[in-house]
Amino acid sequence: MLLKFSTWSEIETYLGKRQDVFIPIGATEQHGPFGLIGTDAICAEGIATAVGERDGVLVAPSIQVGMSLHHMKFPGSMSLTPQSLIGLTLEWVDSLAAHGFNQFHFVNGHGGNIATLGAAFSEVYLKHPNVRCLTTSWYELPPLQAATAQYFGDGEGYHGTPSELSVSFFLYPEQRRETQPLDDSPLVDDQLYSAADFRRCYPDGRIGANQHLADPKIGEKLFGIAVDAVLERHRKWTELK
Ligand code: NI
C-alpha cells in the first residue's frame, strides 16, 4: 500500500487498525562504472514496496538522497549533509506522527545513512516519546549475507557490489549496463577522510566489487530473500509493541 496511491479516507481507516509505516531510504551516488546512481534508492524502495504489498503495510515516500558526501567527486552524485538528513528525517516523522503513526521502519539501502539516522532518531524520541523507529539495512540481514557469500564470494566487495547491482537490474532490466573488462579494484589501506581521498583510492568508484558478477536472475533471488527477511523483522518488531 503506497501513500501516494492512497486517499485520505483510506489512511484514516488504516490508522484505525494499525500505526506502522515503512520509509524507504537510499542514496543518489555513483556506484562504479556499471552501477546506476540510483542503486541504493531503487533497491530500498523496491524491497519496501514489495513488503508493504505482502503485509498491507503503508509505504511512505522514499528519501532518495542520503548522506553521500564521500562520493561527491564523481559526477552525478548528490548528498544531504548529516544535519539536513537529520532535519528531513525528523520532518518525515513529524508529518506522519501528527496523524497518529507511531512505528517508523526505515528500509535502508546505503551504509552512509546509518549513523545519521541513529542521530535523527534521538531527536525524534525527544519530540515524540511514544514513537518507535527501526532501521533495516536490507543487505546486512543474515540471510542476505549468506546468499551473497554463496553467489559472489569475495567479489561482493564493499561498494557498487554485485548484489545491489543485481537487485537493481532485476527491478529495472532495461537499465542494465553491459560490463567491460575492469582492473581489479584494490582495497587500499589509506584512511578515507574526504571525497578527494575516495576518488584517489578508488578511481572507478567501486570498492573491491566485481561488477561482472551482477546478474538480474540472482537479483530476483536476492530480492525475494530480502522481502521475506524484512517482513519477518517487521512482524517481530510490531508484535513487541
Ligand atoms: Ni549502494
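Keep in mind the model is a prediction, meaning the values are calculated, not measured. Atoms within each ligand, like the ligands themselves, are counted from 1 in listed order.
With no hydrogens or angles considered, no side-chain donor-acceptor pair links Asp197 and Tyr202 at under 3.5 Å.
For Asp40, the N, O or S atom closest to the Ni ion (ligand 1) goes by the atom name OD1. When you scan the N, O or S atoms of Glu164 for the one nearest the Ni ion (ligand 1), you land on OE1.
For a distance bound of 2.8 Å, the N, O or S atoms of Glu29 include none lying that close to the Ni ion (ligand 1). The distance from the Ni ion (ligand 1) to the nearest N/O/S atom of Cys43 is not under 2.8 Å.
Salt-bridge formation is not detected for the pair Lys217/Asp215: no Lys NZ or Arg NE/NH1/NH2 atom is positioned less than 4.0 Å from an Asp or Glu carboxylate oxygen.
What you find for His71 and His159 is that their closest heavy atoms are CE1-NE2, 3.3 Å. Counting all heavy atoms, side chain and backbone alike, Tyr139 lies closest to Leu144 at O-CB, 3.9 Å.
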